[in-house]
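Values below: all heavy atoms of this structure, side chains included; hydrogens, waters and symmetry mates excluded. In what follows, chains are A, B, ... by sequence order, proteins preceding strands, each numbered from 1.
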Amino acid sequence: MQDKYVAQDIEKKWQAYWEQNHTDKTNYDPNKKKYYVLEMFPYPSGNLHMGHVRNYSIGDVVARFKRMKGFNVLHPMGWDSFGMPAENAAIQRGIAPKDWTLSNIDNMRRQQKSLGLSYDWDREVATCKEDYYKWTQWIFEQFYKKGLAFKKEAKVNWCDHCHTVLANEQVIDGKCWRCDNQVEKKDLKQWFLKITAYADRLLKDLDTLDGWPERVKLMQKNWIGRSEGAQFAFDIPSINKKIEVYTTRIDTVYGVSYVVLAPEHPYVQELIKDAPNKADLDAFIHRIRNLSEIERTSTEVEKEGLFTGKYALNPFTGQEVPIWIANYVLVDYGTGAVMGVPAGDERDYKFAKKYKLPIKWVIQNPDQTLDFDQMVGAYTDAGVLVNSGDYTGMTTEDARQALYKAIEDKGIGHKKVNYRLRDWLISRQRYWGVPIPVIYCDKCGEQLVPEDQLPVKLPEDVVFDGGAISPLATSKTFMHTTCPKCGGPATREIDTIDTFIDSSWYFLRYTDAHNDKEAFNKQIADYWMNVDQYIGGIEHAILHLLYSRFVVKVLHDLDLVSVDEPFRGLLTQGMVLKDGSKMSKSKGNVVSPEEIVTKYGADTARLFILFAAPVDRDLDWSDKGVEGSYRFLNRVWRIINTYHEFAQEAKRNQLTKEETALRRELHRVLKKVTEDLDGKFNFNTAISTIMELVNAMYQFTDQGKTVEAGLADEIVRDLLLLLAPFTPHITEELWHECGYEGSVHQQDWPDYEEKALAVDEVEIAVQVNGKVRGKMTVSVSASKEDMQEQALALPKVAEYVAGKQIIKAIIIPKKIVNIVVK
RNA sequence: GCCGGAGUGGCGGAAUGGCAGACGCACUUGACUCAAAAUCAAGCGGUGAAUAACCGUGUGGGUUCAAGUCCCACCUCCGGCACCA
């Protein structure tokens with residue numbers, strides 16, 4: 001064995017060995033229990049960053065551990081390789097997006113391989129390749145046939161910097177998720193997927209996702225935003241129309257002081273056409289409509305409104321209430337019209353105060369203690385109805401149920417569930433994406449490209465900065481085609497599909513990556529799905545994770561796959577920071593994985609990144625900490641060397657007391673590390689526990705002692721097996737150097753022996769009145785009486801007890817003795 | 001505003017209600033060395049001469065023989081949503 005640990009040599013050697021021997025190849029085998037572990041596939045930007053290294057290191061430990069535990073493990077990797085940056089490279093540097101992307105993939109794959117990640121590379125997919133996007137188009141067509149993909153005119157989010165529309169989920173704080181540019185609203189006809197049809201299931205099934213972090217489920221829940229209420233009509237006799245409002249508080253209907261519409265509401269023009277202050281109203285509407293989304297929806301903005309001059313009739317009181325228009329009502333939620341109840345809604349209260357509208361109190365709190373003359377705000381909690389006709393005296397909940405029934409009986413409305421979630425806008429006015437497989441014929445209208453003609457290939461003769469339309473329109477070969485129905489001249493759809501669709505089914509393609517007859521075989525996909533453990537950044541809590549859940553539910557309904565949730569377990573890792581902030585080129589605090597691997601080796605990089613912080617927390621990169629991990633691997637190298645020599649000596653029948661203790665330490669560590677890895681992701685404490693074992697091994701040799709050969713052999717084996725998932729190269733090298741058979745990664749995970757953990761005696765603390773006053777070693781079988789006697793005999797304890805009365809003694813075997821005195 | 005999460009040494013962080021600070025980083029001292037690096041050893045929450053004692057897990061209360069851990073109130077920071085009726 002070499003004296004010195006030289007990572008670079010052994011890492012290259014074993015990576016080549018694993019590749020040649022197909023160590024990480026996985027096969028479909030319904031007789032074996034499976035485990036599917038998946039890290040979010042990367043966008044091929046060109047280089048791995050530390051966030052990737054963290055993500056893949058976590059996944060690789062899980063994959064290797066599960067393999068050693070006997071599972072048939074699927075652990076694939078691929079590329080989310082459509083998207084804007086490739087197109088920008090084309091515009092700025094004149095490189096074809098395809099060439100740029102494929103060379104980035106080559107580089108990043110090389111970097112991944114240098115980390116010793118145990119992927120089954122035979123299953124690699126790239127979403128930009130024809131054999132993949134053919135099936136993305138096919139899936140789009142299935143959505144279309146089910147009526148879940150449709151084109152409509154809508155006010156959409158437009159990013160002028162990326163020159164494309166965006167889905168609601170891709171607008172963060174009013175800005176583009178990719179480039180941070182302020183998003184505008186535009187009226188355009190665009191393709192949507194009907195995710196709202198699945199809103200209820202997407203919400204309800206969150207409860208089945210036990211392996212997801214609570215906060216991610218909550219974020220999705222908030223995003224879906226289900227609310228239960230009533231939709232019902234107020235008459236407007238003056239224009240002979242009914243105006244529908246939506247409310248979750250129909251129990252407050254006797255307190256309606258006014259009805260208020262969004263400025264964009266379709267009735268507004270008719271309501272104000274003969275108003276004396278029409279000019280003011282027009283100016284107000286114009287001003288509100290031109291506000292940005294941010295200004296419009298900010299709670300900071302003062303509530304503003306104008307009276308239209310018309311009145312509506314409260315269907316319950318028969319009372320006339322004024323109709324207003326106001327900036328705080330949104331046209332695209334509910335009906336775009338709201339009943340104003342200042343007593344029961346904080347916004348309405350502010351609005352009523354500002355414009356001196358009447359406030360009618362209709363809910364008293366359960367204790368009947370509200371003094372309505374003294375109120376300075378709305379009362380929004382549950383309570384009992386007052387001033388509410390026949391409903392007076394009912395609880396808010398009972399009144400709600402009674403009133404739901406009443407509006408149905410009157411035929412003016414019904415119970416209604418509303419969602420914040422909007423349909424998913426999937427058109428993109430970009431080139432580097434999946435062409436939408438639709439053809440427009442003047443005679444036959446919108447037609448799907450027949451399935452046997454897929455894929456609709458991306459043309460290469462395009463101009464990238466061609467102006468206001470999609471680059472595909474600049475291709476001479478692409479646009480013009482024939483109608484699949486009548487054969488007449490027709491044109492192709494020129495938008496591409498949001499790349500989030502590509503990434504909403506890739507985990508299914510991995511299960512059957514080479515299938516050229518179907519997107520994936522159902523039987524094979526059913527064997528591997530769900531993904532048992534998905535690992536990635538929290539930034540996808542809504543976007544990717546919600547879309548994937550939706551797509552899988554649709555594929556399930558189409559009977560293409562049996563599961564209806566993609567990811568059983570979800571682990572959201574923290575970010576990798578440097579000096580307290582995110583690594584970025586502009587801050588100049590980027591640590592390159594490649595440099596670290598070159599300098600210390602992949603094993604050190606992996607070990608450090610898993611040891612430095614719990615997986616779900618942010619991790620501050622520390623160069624000194626990396627040195628520490630490297631130092632530890634050197635310690636392992638040397639001590640294995642030493643213990644391996646011990647193992648060559650003749651065996652003894654009997655272990656010394658110290659050796660027994662060392663063996664107990666080994667088995668304690670086996671138990672603890674297994675617990676930290678099995679169903680948990682406590683990599684940091686697993687590693688620290690292994691460090692404790694190594695320290696115990698050194699303590700032995702530092703005192704000049706040797707270790708019995710059989711025990712030494714056991715320790716060497718188990719230590720290498722424990723470390724194998726974390727640091728695959730050094731353990732493989734030492735495994736072979738020590739003369740063990742096969743690959744360390746194809747061994748069974750070592751079990752601990754309960755018997756080895758047994759102790760005869762333990763050291764416990766002795767407290768007097770809860771303060772530690774001494775320590776003693778007692779036999780584990782000692783009686784409570786003996787323990788008390790021994791505790792009281794301790795000089796310090798005796799001192800504190802002297803002259804006092806012992807009230808009681810708490811004696812917890814193997815834990816503590818506490819003498820309570822007065 | 002609403003909903004989550006988190007506050008522990010100089011730093012990252014450990015602790016099924018039972019000896020707070022495991023493990024690591026940094027630091028100090030010593031051994032080895034001509035010297036340095038590497039390695040090894042000892043120390044390392046605060047006050048303190050101390051192997052004495054007291055204090056100490058964001059703050060204030062409480063439960064308990066015993067609280068970082070459980071309960072109540074509050075403070076601060078981070079994240080998500082945010083005029084969704």
Exercise for review: Remember a base hit wins even if backbone is also touched, and classify A:Val260 as base, sugar-phosphate or nothing at under 4.0 Å, heavy atoms.
Suggested key: nothing
Review point. Heavy atoms under 4.0 Å, any strand shown: does A:Glu627 hit a base, just sugar-phosphate, or nothing?
Key: nothing
Check your understanding: Say you pick atom P in B:A41 and the same atom in B:U47; how far apart are they, in whole Å?
Key -> 28 Å
Exercise for review: Using the C1' atom as the reference point in each nucleotide, state the distance between B:C65 and B:C19 in Å, no decimals.
Suggested key: 15 Å
Review point. Between the base of B:C81 and the side chain of A:Asn222, is there any donor-acceptor pair under 3.5 Å?
Key: no
Check your understanding: When Watson-Crick pairs (N1 to N3 and N6-O4 or O6-N4) and G-U wobble pairs (N1-O2 and O6-N3) count only below 3.5 Å on both distances, what is the dot-bracket string of RNA chain B, with | for other-strand pairs?
Key -> (((((((..(((.....[....))).(((((.......))))).(((.....)))..(((((..]....))))))))))))....
Exercise for review: Give A:Glu763 one of three labels, base, sugar-phosphate or nothing, depending on what nucleic acid heavy atoms sit under 4.0 Å from its own.
Suggested key: base
Review point. Can A:Tyr355 and A:Trp324 be said to form a ring pair (Phe, Tyr, Trp, His ring centres under 6.0 Å), step by step?
Key: CA-CA 11 Å; A:Tyr355 293 107; A:Trp324 285 63; 5.0 Å; yes
Practice item. Select one nucleotide: of B:A26, B:C23, B:A85, the one nearest the side-chain heavy atoms of A:Asp345. Key: B:A85
Check your understanding: How far, in whole Å, is B:G79 from B:C70 if one measures between their P atoms?
Key -> 25 Å
Exercise for review: Rounded to the nearest 0.5 Å, what's the gap from OG1 on A:Thr572 to CG on A:Leu545? Could you check?
Suggested key: 9.0 Å
**Study point:** Which residue lies more 5' along RNA chain B, comparing A:Asp620 with A:Val817 via nearest heavy atoms
**Key:** A:Asp620
Review point. Which listed nucleotide (B:C65, B:A26, B:A22) is nearest to the side chain of A:Val820?
Key: B:C65
Point to revise | Interatomic distance, A:Ile816 atom CD1 to A:Ile812 atom CD1 [nearest 0.5 angstrom] | key: 8.5 Å
Practice item. Determine the Euclidean distance between corresponding C1' atoms of B:G43 and B:A50; express it in Å to zero decimal places. Key: 16 Å
Point to revise | Candidate nucleotides B:A85, B:C23, B:C55, ranked by approach to the side chain of A:Lys771 - the nearest | key: B:C55
Review point. Do A:Asn641 and A:Tyr5 meet the criterion of a side-chain donor-acceptor pair at a distance under 3.5 Å?
Key: no
Check your understanding: Considering only the C1' atoms, how many Å lie between B:A66 and B:A73, rounded to the nearest integer?
Key -> 24 Å
Check your understanding: Any side-chain donor-acceptor pair under 3.5 Å between A:Tyr600 and A:Ser629?
Key -> no
Check your understanding: Within the structure, does a side-chain N or O atom of A:Arg617 lie under 4.0 Å from either OP1 or OP2 of B:C78?
Key -> no
Check your understanding: Can a donor-acceptor pair be found between the side chains of A:Asp623 and A:Trp621 at a distance below 3.5 Å?
Key -> yes
Practice item. Taking only the side-chain heavy atoms of A:Arg773 (C-beta and beyond), determine which of B:C54, B:A82, B:G13 contains the nearest atom. Key: B:C54
Exercise for review: Please work out if A:Lys822 contacts a base, only the sugar-phosphate, or nothing of the nucleic acid, heavy-atom cut-off 4.0 Å.
Suggested key: nothing
Review point. Are A:Asn634 and B:U39 close enough that a side-chain N or O sits under 4.0 Å from OP1 or OP2?
Key: no
Point to revise | Check: B:C65 base within 3.5 Å donor-acceptor of A:Lys808 side chain | key: no
Practice item. For nucleotides B:A42 and B:C25, find the distance between their P atoms and express it as a whole number of Å. Key: 15 Å
Review point. A:Tyr630 side chain N/O closer than 4.0 Å to the phosphate oxygens (OP1, OP2) of B:C25?
Key: no
Practice item. Using a cut-off of strictly less than 4.0 Å, decide whether A:Ser227 has a side-chain nitrogen or oxygen near OP1 or OP2 of B:A85. Key: yes
Study note, to complete from the structure: Comparing nearest nucleotides in RNA chain B, the 5'-proximal residue of the pair A:Ser688, A:Tyr328 is A:Ser688
Check your understanding: Does one side chain, of A:Asn327 or A:Arg287, offer a donor that lies under 3.5 Å from an acceptor on the other?
Key -> no
Review point. Do any side-chain nitrogens or oxygens of A:Asn682 fall under 4.0 Å of OP1 or OP2 in B:A14?
Key: no
Exercise for review: Would you mind classifying the nucleic acid contact of A:Leu218 as base, sugar-phosphate or nothing, using non-hydrogen atoms under 4.0 angstrom?
Suggested key: sugar-phosphate
Practice item. Remember a base hit wins even if backbone is also touched, and classify A:Asp348 as base, sugar-phosphate or nothing at under 4.0 Å, heavy atoms. Key: nothing
Check your understanding: Ignoring hydrogens and geometry, is there a side-chain-to-backbone donor-acceptor pair from A:Gln170 to A:Ala167 under 3.5 Å?
Key -> yes
Practice item. Considering just the side-chain nitrogens and oxygens of A:Arg215, establish if one lies under 4.0 Å of OP1 or OP2 belonging to B:A6. Key: no
Point to revise | Anti versus syn assignment for B:G24, with syn defined as within 90° of 0 | key: anti
Practice item. Between B:G80 and B:U57, how far apart are the C1' atoms? Round to whole Å, please. Key: 28 Å
Review point. Ring centroid separation for A:Tyr328 and A:Phe351, is it under 6.0 angstrom?
Key: yes
